[in-house]
Amino acid sequence: MPSRDFFEDVYDVVRLIPPGRVTSYGAIAAYLGSKRGARMVGWAMNNCHARPDVPAQRVVNRNGVLSGKNFFGSPERMQELLEAEGIQIENDQIVHFDRCFWDPAVELG
DNA sequence: CGGGTGACTCGGC
DNA sequence: TGCCGAGCCACCC
C-alpha cells in the first residue's frame, strides 16, 4: 500500500523501528519494493530534517556503520542517540549489529 | 525536458 | 581480504 510519496513510505517504516533496534537502508528499500533503492532511502533521510519524529539514527548501512552521522546536528549526535537506546557503538560501528538488526520485511510482514 | 546527485549495495578483481 | 566500478531510482535545478 504505497503512500502518496516515496519519502513518506520511508518515514513510516523508520517510525516503526522499535527503540534499541536498527535497520539498514537496503532493508527498508527492499520492504518498499525497490531492491536497489537504498540510495533513495538514504536520500529520503536527507530530507528527514523536515520530519523531526523520524528516528533517523536507527537507520545505518548494511555494515552497521553510522554513515549518516555527519548529517546530524553534530557528528556525535547519532551515536549518542543510539547509545541512549542501549545500542553499543565502537568506532562509528554498531556492536552486535546482527543482534540489533530489525528487518521490516520480517517484523512487519 | 535532461542531467546531476546521493546517509547504498553487490559483484568482480 | 579489501578496494573499485557499475547499477539503481526519485527529486531538484
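All figures in this text were calculated on a predicted structure; none of them were measured in a lab. Below, chains carry the letters A, B, ... as their sequence lines are ordered, and counting in each starts from 1.
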With 3.5 Å as the limit, what N/O pairs link the protein to nucleotides 10-13 of chain C?
none

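Every residue two or more places apart in sequence or in another chain that forms a salt bridge (charged side-chain N to carboxylate O under 4.0 Å, His left out) with A/R58 is listed here: A/E85. Partners of A/N63 according to the side-chain hydrogen bond (donor to acceptor under 3.5 Å, both in side chains) rule, which considers only residues two or more places apart in sequence or in another chain, do not exist here. Residues satisfying the salt bridge (charged side-chain N to carboxylate O under 4.0 Å, His left out) test with A/R15, not counting sequence neighbours, are A/D12, A/D53.
With contacts defined as side-chain heavy-atom distances shorter than 4.5 Å, the pair A/P55/A/V14 qualifies.
A heavy-atom distance below 4.0 Å to DNA chain B is reached by none of the residues of residues 90-102 of chain A.
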Please output the side-chain donor-acceptor pairs of residues 24-31 of chain A that fall under 3.5 Å, not counting sequence neighbours, one pair per line with the distance.
residue: A/S24; atom: OG; partner: A/A27; partner atom: N; Å: 3.1
residue: A/Y25; atom: OH; partner: A/V59; partner atom: O; Å: 3.4

Side chains of residues 96-109 of chain A: which donor-acceptor partners sit under 3.5 Å, not counting sequence neighbours?
residue: A/D103; atom: OD1; partner: A/A105; partner atom: N; Å: 3.1

What donor-acceptor contacts under 3.5 angstrom involve side-chain atoms of residues 37-52 of chain A, with partners at least two apart or in another chain?
residue: A/N47; atom: ND2; partner: A/W43; partner atom: O; Å: 3.4

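Among pairs with a residue in residues 16-29 of chain A, none fulfils salt bridge (charged side-chain N to carboxylate O under 4.0 Å, His left out), at least two apart in sequence or across chains. Sorted by first and then second residue, the side chain to side chain donor-acceptor pair (under 3.5 Å) pairs involving residues 70-81 of chain A (not counting sequence neighbours) are A/Q79-A/E83.
When heavy atoms are screened at a 4.0 angstrom cut-off, A/A56 is found touching base atoms of the nucleic acid.
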Contact pattern, 5' to 3', of nucleotides 8-13 of chain B - B, S or - by protein heavy atom under 4.0 Å: BSS---
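The hydrophobic cluster of A/F71 has no other members, since no ILVMFWY side-chain heavy atom comes under 4.5 Å of it.
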